[in-house]
Amino acid sequence: MSQNAKQVITRFAPSPTGFLHIGGARTALFNWLFARHHGGKFMLRIEDTDRKRSTQEAIDAILDGMSWLGLDWDDEPIFQYSRADRHREVAEQLLEKGLAYRCYATPEELTEMRETAKAEGRPVGYDGRWRDRDPSEAPEGVSPAIRLKAPRDGATTIHDHVQGEVTVQNQELDDMILLRSDGSPTYMLSVVVDDHDMGITHIIRGDDHLTNAFRQKLLYQAMDWETPIFAHIPLIYGPDGKKLSKRHGALGVDAYRDMGYLPDALRNYLVRLGWAHGDDEIFSTEQATEWFSIEGINKSPARFDFDKLANLNGHYIRNADEEKLAQLIKPLIDKQLDKSLDDNLCQRLIAALPSLKERAKDINELASSGLFYFRESPLPFEEKAEKLLTDEAKGYLKDLLQRLSGLNNWVKSDIHDQIAATVADNDVGFGKVAKPLRAALTGLAASPGNIDDIMVILGEDESKKRLEQAIS
RNA sequence: GGCCCCUUCGUCUAGUGGCCUAGGACGCGGCCCUUUCACGGCUGAAACACGGGUUCGAGUCCCGUAGGGGUCACCA
C-alpha cells in the first residue's frame, strides 16, 4: 500500500468536445483500475471550460462510453466551468501573496516576442516584461491577464510513477497565465485547483500532459499544496507507428460497439496495451483489478492492433452467455432480414448460437453468419451452393428425403444415421451427400455447424421444406 | 529548432547483471482433428536499433549515434 493511510482518489477529466475516444477510454480504465485496486475513489470531472466547443451530446457520449465499458465513477461528475469563481479566488490569493502579477502585454506584443525569440533560438516563452513593473505603469483601458510568478532559476523535477524522475530547468518554463484578461481561468489553473479541492492523490493521464506537470507543480508549490503523484502514460499509436488517426482506430468507443466488439474484450485489450502481468493475456476485470499497478505501465508507446483485438473478441464471444448474445444480435438480424424474429425463431436463434459463436470474431459477423436459419424459403443461393446441386446430387437428396420421412423422432443421431445410410447405399463419399445437403439447407457452400445439427435446429418441417425446394 | 521522453520477433509484451540456446500472445507457414467454415492441439519461421564503454559476465548499467514520439497559446 501507499506510504500514508490516505485514501487513493483518481480522476478522469475529459473535455466534452467529442466522443470518448479509445485513448481516453484507456486512460479512464487505468485510473479506474488503480482506484479499485486500492479500494479508493474514481472521480469524473468534465472540463467544459471551453464554452464554444463543449456540448451536451459529447457529455452524454462520454458517460455512455464509460458505462458501456463498465467504468463506474464515484460521486456526481464535477463540471469545471461551474467552479470558475473558486479558480478566480485562488488567482486572487496568489496575487495578494505576491506570487502572481498583472500582465498588460497585448496579443500582438506576445506574438512578436515569440517570433524574435524563435529567430534567436531562445526559449519561446513569455519574457516576464510585466513581472516586476510597477502597477502605476499600467496602460489605460487595458484589462490585464494574471500570470504566475514562476521561479527563474533552479530546476523542477517530477517523480513520475511511469516516466521516472524527470527534471526541467525553470528557465524553460515561463510565467503562465492564470486568469485571462476577460477574467476567465485558464486550464492550467483550473486543473490544479480542482485536483487539489477534489483531493486527487494520483493523476494518471496521457504523457502529452507531461510538460504541463512542471508548470502545475509550480502552482501547487505557490499555493503550498501537496503535489499529487503523477503518472504520465504513453499514448496509443496507429498500426503505422504514427499518431492514432481516425482511419486507424481513433474512434469513439461507440464505434467499437458498432463494429461488434464486446466491452469485456475491448477492456481486456486496452489493459494489455502498455501493461502486462507476466504472460497472462486473457483475464477478468477482477484479476486486472487485483494485479494492476502503475509501475507496471511501460514507458514506450504501443500500437493499436485490430487483429489482436479481434482475436480477443472472438474469445469473449465464444465464452459469452447465449441469452445475452441473442439479445445483442436480434436487432441486427431483424434489420438485415427486414422483419422481427418471432418467439419461435428466437428459440431457434438460441439453439443455433452455440455453434455460431465458435466462429464469429465480432457481433456483426455473428449475426450475419446465422441469417440462413431465419430466411423464408425459397432461400437465396450463392453461386457455389447452386453448383453443388447437380442432378446427381439431387438424386441423393431425394433418397435422403424419403428416408427422413420414415423417422419417428427428429433427433441428431437418427438424422445422422439416415445420412450415413444414404451415403452407404449409393456407395459414394460422405461429401457427395453432405455438401449438396448443406447447400440445400443453407443456400451456402460453407456455413457454421454440423449438417445434422443444422437440421435439428431448423426443425423437421423447415428442413424438409428446404430440401424439397432444392430438389425441384 | 529548444526542452523532455522512448527503442526486445511484423504487432502487444516477459525480462530488473549470470536462470536467455531471449519466453508468451496476435498475425503468418506446416501438420493433426474434421461433414463445409471455424474452434482446438502440435509445430515452424521471426527480435535485444547501431557504436563504444563498465564488468569475470550486459537485453538488463553508463556514454554517444540513429530513428520515433511528446511539448513549446490569453486551447484543453
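Everything numeric here is computed off the predicted structure, so don't read it as measured data. So you know, we letter chains A, B, ... as the sequences are listed, proteins then strands, and number each from 1.
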Asker: Please report the distance separating the P of A46(B) from the corresponding atom of G52(B), rounded so that it comes out in whole Å.
Answerer: 25 Å
Asker: Looking for any heavy atom pair under 4.0 Å, which part of the strands does H277(A) touch: base, sugar-phosphate only, or nothing?
Answerer: nothing
Asker: Give the C-alpha distance, both sets of side-chain angles, the deciding distance and a yes or no for side-chain contact (heavy atoms from CB on, under 4.5 Å) between Y104(A) and S181(A).
Answerer: CA-CA 9 Å; Y104(A) 295 87; S181(A) 47; over 6 Å; no
Asker: For G70(B), take OP1 and OP2 only and decide whether either is under 4.0 Å from a side-chain N or O of T211(A).
Answerer: no
Asker: If the cut-off is 4.0 Å, is R318(A) near the phosphate of G40(B), judged by side-chain N/O to OP1 or OP2?
Answerer: yes
Asker: Rounded to whole Å, how long is the line connecting atom CG of L178(A) with atom P of A76(B)?
Answerer: 13 Å
Asker: Quick one: look up who G1(B) pairs with, Watson-Crick or G-U, both distances under 3.5 Å, and put none if it's unpaired.
Answerer: C72(B)
Asker: Salt-bridged, R375(A) to E462(A), with N to O below 4.0 Å?
Answerer: no
Asker: Fit a plane to each ring of Y261(A) and Y256(A), take the angle between them on a 0 to 90° scale, and name the class: parallel (under 30°), tilted (30 to 60°) or perpendicular (over 60°).
Answerer: tilted
Asker: Could you give the NE2-to-P distance, from H416(A) to U34(B), as a whole number of Å?
Answerer: 12 Å
Asker: Between C1' on C74(B) and CE on M113(A), what's the gap in Å once rounded to a whole number?
Answerer: 12 Å
Asker: Measure the distance from NE2 on H209(A) to P on C5(B) and round it to the nearest whole Å.
Answerer: 19 Å
Asker: Roughly how many Å apart are C9(B) and A47(B), using the C1' atom of each and rounding to a whole number?
Answerer: 4 Å
Asker: What interatomic distance, in whole Å, is found between C1' of G41(B) and the corresponding atom of C48(B)?
Answerer: 31 Å
Asker: Should K435(A) be listed as having a side-chain N or O under 4.0 Å from OP1 or OP2 of C37(B)?
Answerer: no
Asker: Specify the separation, in whole Å, of atom CG of L189(A) and atom C1' of A73(B).
Answerer: 16 Å
Asker: Between C1' on C74(B) and CZ on R51(A), what's the gap in Å once rounded to a whole number?
Answerer: 18 Å
Asker: Rounded to the nearest angstrom, tell me the gap between atom CH2 in W291(A) and atom P in U13(B).
Answerer: 17 Å
Asker: Show me the side-chain donor-acceptor pairs of residues 142-153 of chain A shorter than 3.5 Å, one per line, residues at least two apart or across chains.
Answerer:
residue : atom : partner : partner atom : Å
R147(A) : NH1  : D175(A) : O            : 2.7
R152(A) : NH2  : D127(A) : O            : 3.2

Asker: Would you mind building the protein contact string for nucleotides 6-12 of chain B? One character per nucleotide, 5' to 3', B for base within reach (heavy atoms under 4.0 Å), S for sugar-phosphate only, - for untouched.
Answerer: SS---SB
Asker: Where along residues 437-453 of chain A does a heavy atom fall under 4.0 Å from RNA chain B?
Answerer: R438(A), A445(A), A446(A), S447(A), P448(A), G449(A), N450(A), I451(A), D452(A)
Asker: Mapping V168(A) and Y187(A) onto RNA chain B by nearest heavy atom, which one lands closer to the 5' end?
Answerer: V168(A)
Asker: Write down the distance separating the P atoms in U13(B) and U34(B), rounded off to the nearest Å.
Answerer: 39 Å
Asker: Students often get this wrong, so: under 4.0 angstrom with heavy atoms, is T17(A) touching a base, only sugar-phosphate, or nothing?
Answerer: nothing
Asker: In the structure shown, which nucleotide is the Watson-Crick or G-U wobble counterpart of A25(B), with both distances under 3.5 Å?
Answerer: U11(B)
Asker: Across the strands shown, which category fits A105(A) at heavy-atom distances under 4.0 angstrom: base, sugar-phosphate, nothing?
Answerer: base
Asker: Which whole-number value in Å describes the distance from D174(A) CG to C74(B) C1'?
Answerer: 12 Å
Asker: I need the single residue from W275(A), F283(A), F304(A), Y316(A) that forms a ring pair (Phe, Tyr, Trp, His ring centres under 6.0 Å) with Y269(A). Which is it?
Answerer: F304(A)
Asker: List for me each residue that meets salt bridge (Lys or Arg N to Asp or Glu O under 4.0 Å) alongside E47(A), sequence neighbours excluded, and say none if there are none.
Answerer: R45(A)
Asker: Which residue lies toward the 5' end of RNA chain B, V166(A) or F430(A), if each is placed at its nearest nucleotide?
Answerer: V166(A)
Asker: Roughly how far apart, to the nearest Å, are C42(B) and U65(B) at atom P?
Answerer: 48 Å
Asker: What residues, two or more places apart in sequence or in another chain, satisfy salt bridge (Lys or Arg N to Asp or Glu O under 4.0 Å) together with E92(A)?
Answerer: none
Asker: Could you work out, with salt bridge (Lys or Arg N to Asp or Glu O under 4.0 Å) as the rule, every residue matching D197(A), not counting sequence neighbours?
Answerer: R83(A), R86(A)
Asker: Quick check on salt bridge (Lys or Arg N to Asp or Glu O under 4.0 Å): which of D425(A), D417(A), D414(A) does R403(A) satisfy it with?
Answerer: D425(A)
Asker: Taking the six-membered ring for Trp, are F292(A) and F30(A) parallel (under 30°), tilted (30 to 60°) or perpendicular (over 60°)?
Answerer: tilted
Asker: Check if the side chain of D207(A) and the base of G70(B) share a donor-acceptor pair of N or O atoms closer than 3.5 Å.
Answerer: no
